[in-house]
S.K.: 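I am attaching a structure below and will ask some questions about it afterwards.
Convention: sequence-line order gives letters A, B, ...; per-chain numbering from 1.
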Amino acid sequence: MQARTHHCGELRKTHVNQTVALAGWVNKYRDHGGVIFIDLRDRNGITQLVFRPTNEQLHETANRLRNEDVIWVQGNCIAREEGMANPKLETGDIEIEATSLEILNKSDTPPFTPDEAAKVGEETRLRYRYIDLRQKRMQQILKTRHRVTKIMRDYFDSNEFLEIETPFLCKSTPEGARDFLVPSRLQESSFYALPQSPQLFKQILMVAGLEKYFQIARCFRDEDPRADRQAEFTQLDVEMSFVNQDEVMDSIECLTRDIWKQVLDVDVPKIDRMTYAEAINRFGSDRPDLRFGMELVDISDLASQTDFKVFKGAIDDGGIVKAICVPGGASMSRKETDKLAEWVKQFGVGGMPVTKIDGGKLATGIAKFLEPITEQLIEKMGAKDGDLICFGVDKKSTIVHRVLGELRVKVARQLNMIEPGQWKWLWVVDFPLVEWNEENNRFDSLHHPFTAPNPEDMHLMDTDPGKVRSLAYDIILNGSELGGGSIRIHDKETQSKVFSLLGISKEDAAVKFGFLLDALRFGAPPHGGIALGLDRLIMHLENTTNIRDVIAFPKTQNGADLMTQAPSLVDQAQLQELHLRLAPSLKVDAIKE
RNA sequence: GGGGGUGUAGCUCAAUUGGUUAGAGCACUGGACUGUCGAUCCAGAGGUUGCGGGUUCGAAUCCCGUCACCCUCGCCA
């Protein structure tokens, strides 16, 4: 094809009288019988083409143009006459009087056009992703994504980090999420796993003396997706040697400052820190959303003064009662609060007592049970007329916190209490090293098994491990976890000790993480790092709640790619090479019985 | 694996709650039109109501099963 001289978004009055050549897609055709207008689109913008009947052959060809045809056109850039300019178009002051036209590729009638794509159902958009991605919004997101990774690379480059790739074909470890497995052809019965993160490799790079590493790394976790979660996602992975947690946090803070400044022209302030314990107590969450109030208030002492069986029962069982005050929440109907009460049950609580403030008194809900503590309750909650108080009650404080933490966010959204345009950053620090897993009767890592215990708490390791804090930190933005990291264990003794605390035997540890333990024996420097979820970061910058919007080719909740139809069946021969045979379908068996 | 929602023309939706031949806008096809930019006007074509079964004189509508997509719990060191 012939070259183009310009892009479709750049022509202005200054280009008038120039002969130009453009190429792109037919965004819209308007045929007036005589004159034909074509809106030509490329990545850069839209330019109007004009075809007049004077050139019969050219006019004939233009007449055949339809949406999404790909064309090349040459013509004169002319100024539009007074009143004919289109202020909606950046190029609206000019148009191209075409002198030559080539249809590079005729398009079938598209299932939808880029202009319509925003209104089209996601299923159709994903099936025809190449059309969906033609819409401006999607190209804008991909552009932002590119800019962000570019800023990251520039930032780390100028701070003497090295970008190093780590393997995709890795050793499977049963810890953490479910692995995606890849069968080995060369070694019968053996499997690789796709990396859940480059965690161990980056630590070993520190042992190897690379000192400062980063990678924009694809990670794979075979778990059910969510609106903000895909099985395959991207992390900015960072690791540094000879650092403490402040240095890691500062370095990431500077990076976010660069990104928010360059992409949104927003200044990121010095980011506050909050301990995990405080976050849970005040917000019922380890990723508190600070864009609104409604903090959790412990009213266990007041609750025990009532005759309300639900309160008393929970407290007698060693539980707690906490509450949040919803400003103006009394406007919610019984039906609406009932619906919320039903909703919170999914988090493990039996129900949700409520009461409203009316004329300085408690009204409706469980008001009658609260009579003896009315005044103290109103004062402690800081409640006013028209407010709603929601109670979280359970014999386990973790459930109370979870319920109220989730409720707080749900209500804030429902009642539009979140003022848009806010950026509330927070570091959550002092995570517990481990938490008790009742189901399996053992301690699990809160972060991961390589996180260093806080040296101040080492004396508790044997006596009260649940109280040991770790050197882990999460960076939170508007109530969502942007990333997290920790200072790692860099000596074999501590690592062995943590493994044994987690119930991983010496033998198991040797089989699963032997290479790491080996590495720690040969001069491992103190090191630590962090990983940021790139997809979520872009979601924030582009103000979307759908992770699929920020991924060029995402998968559905069923793990399907609707465009390529992956996953799919494979040939017997392929299976044979991999020494695999499919197990009979359980479903079919069940029907036959 | 559990809970909730959706599925009707290529796309977005409607169908008076079980009642005649399932409609509209956009897109598409043909025609008209020399300044539109969401062009306009006229005409036309387009349907396995996701799929399979059942109830009924009669099903897009009710029931059972199933599939896909979305939200969510579990899961996600």
S.K.: Would one find a side-chain N or O of Lys119(A) under 4.0 angstrom from OP1 or OP2 of C11(B)?
M.R.: no

S.K.: Quick check on C28(B): is either OP1 or OP2 less than 4.0 Å from any side-chain nitrogen or oxygen of Tyr29(A)?
M.R.: yes

S.K.: Using both distances under 3.5 Å as the test, list the Watson-Crick or G-U wobble partner of U56(B), or none.
M.R.: none

S.K.: Contact class for Ala231(A) (heavy atom, under 4.0 Å): base, sugar-phosphate, or nothing?
M.R.: nothing

S.K.: Please classify the nucleic acid contact of Arg402(A) as base, sugar-phosphate, or nothing, using heavy-atom distances under 4.0 Å.
M.R.: sugar-phosphate

S.K.: Any side-chain N or O of Arg66(A) below 4.0 angstrom from OP1/OP2 of U29(B)?
M.R.: yes

S.K.: Work out how far the C1' atom of A22(B) is from that of U34(B), and round it to whole angstrom.
M.R.: 42 Å

S.K.: Salt bridge check, Lys106(A) against Glu68(A): does any charged N sit closer than 4.0 Å to a carboxylate O?
M.R.: no

S.K.: Would you kindly check whether a donor in the side chain of Gln48(A) faces an acceptor in the base of U36(B), or vice versa, at under 3.5 angstrom?
M.R.: yes

S.K.: Does C69(B) have OP1 or OP2 under 4.0 Å away from a side-chain N or O of Thr556(A)?
M.R.: yes

S.K.: Check this one for me: any side-chain N or O of Arg413(A) less than 4.0 Å away from OP1 or OP2 of C71(B)?
M.R.: no

S.K.: Under 4.0 Å from OP1 or OP2 of C37(B): is there any side-chain N or O of Arg80(A) that close?
M.R.: no

S.K.: What is the nucleic acid contact for Arg125(A), judged by heavy atoms within less than 4.0 Å: base, sugar-phosphate only, or nothing?
M.R.: nothing

S.K.: We want to know whether Asp535(A) and Gln230(A) form a side-chain donor-acceptor pair, criterion being a heavy-atom distance below 3.5 angstrom.
M.R.: no

S.K.: Is Thr173(A) touching bases, backbone alone, or none of the nucleic acid, heavy atoms closer than 4.0 Å?
M.R.: nothing

S.K.: Using a heavy-atom cut-off of under 4.0 Å over every strand shown, decide if Glu81(A) touches base, sugar-phosphate, or nothing.
M.R.: nothing

S.K.: Categorize Gln346(A) for me: base, sugar-phosphate, or nothing, with a 4.0 angstrom heavy-atom threshold over every strand shown.
M.R.: sugar-phosphate

S.K.: Could you verify whether a donor N or O on one side chain and an acceptor N or O on the other, from Glu438(A) and Asn441(A), lie under 3.5 Å apart?
M.R.: no

S.K.: Taking 4.0 angstrom as the limit, do Asp237(A) and Arg218(A) come out as a salt bridge?
M.R.: no

S.K.: Knowing that exactly one of Asn67(A), Asp39(A), Asp115(A) qualifies, which makes a side chain to side chain donor-acceptor pair (under 3.5 Å) with Asn27(A)?
M.R.: Asp115(A)

S.K.: Please report the interatomic distance CD(Gln199(A)) to CZ(Arg488(A)), rounded to the nearest 0.5 Å.
M.R.: 4.5 Å

S.K.: OP1 or OP2 of C69(B) sitting under 4.0 Å from any side-chain N/O of Asn558(A)?
M.R.: yes

S.K.: For Gln230(A), which contact category applies under a 4.0 Å heavy-atom criterion: base, sugar-phosphate, or nothing?
M.R.: nothing

S.K.: Asn86(A) side chain N/O closer than 4.0 Å to the phosphate oxygens (OP1, OP2) of U36(B)?
M.R.: no

S.K.: Could you tell me the Watson-Crick or G-U partner of C75(B), where both distances fall under 3.5 Å? Say none if there is no partner.
M.R.: none

S.K.: Under 4.0 Å between any heavy atoms, over every strand shown, what does Asp31(A) touch: base, sugar-phosphate, or nothing? Just pick one.
M.R.: base

S.K.: Which nucleotide, in any strand shown, forms a Watson-Crick or G-U wobble pair with G25(B), with both distances under 3.5 Å?
M.R.: C11(B)

S.K.: Looking at A39(B), I'd like to know if its phosphate oxygens (OP1 or OP2) sit under 4.0 Å from a side-chain N or O belonging to Arg30(A).
M.R.: yes

S.K.: Please determine whether a side-chain nitrogen or oxygen atom of Gln196(A) lies at a distance below 4.0 Å from atom OP1 or OP2 of C76(B).
M.R.: no

S.K.: What is the separation between atom NE2 on His32(A) and atom P on G31(B), rounded to the nearest whole Å?
M.R.: 17 Å

S.K.: Between G38(B) and Lys88(A), is there an OP1 or OP2 to side-chain N/O distance shorter than 4.0 Å?
M.R.: yes

S.K.: Can you check U17(B) for me, syn or anti if syn means within 90° of 0?
M.R.: syn

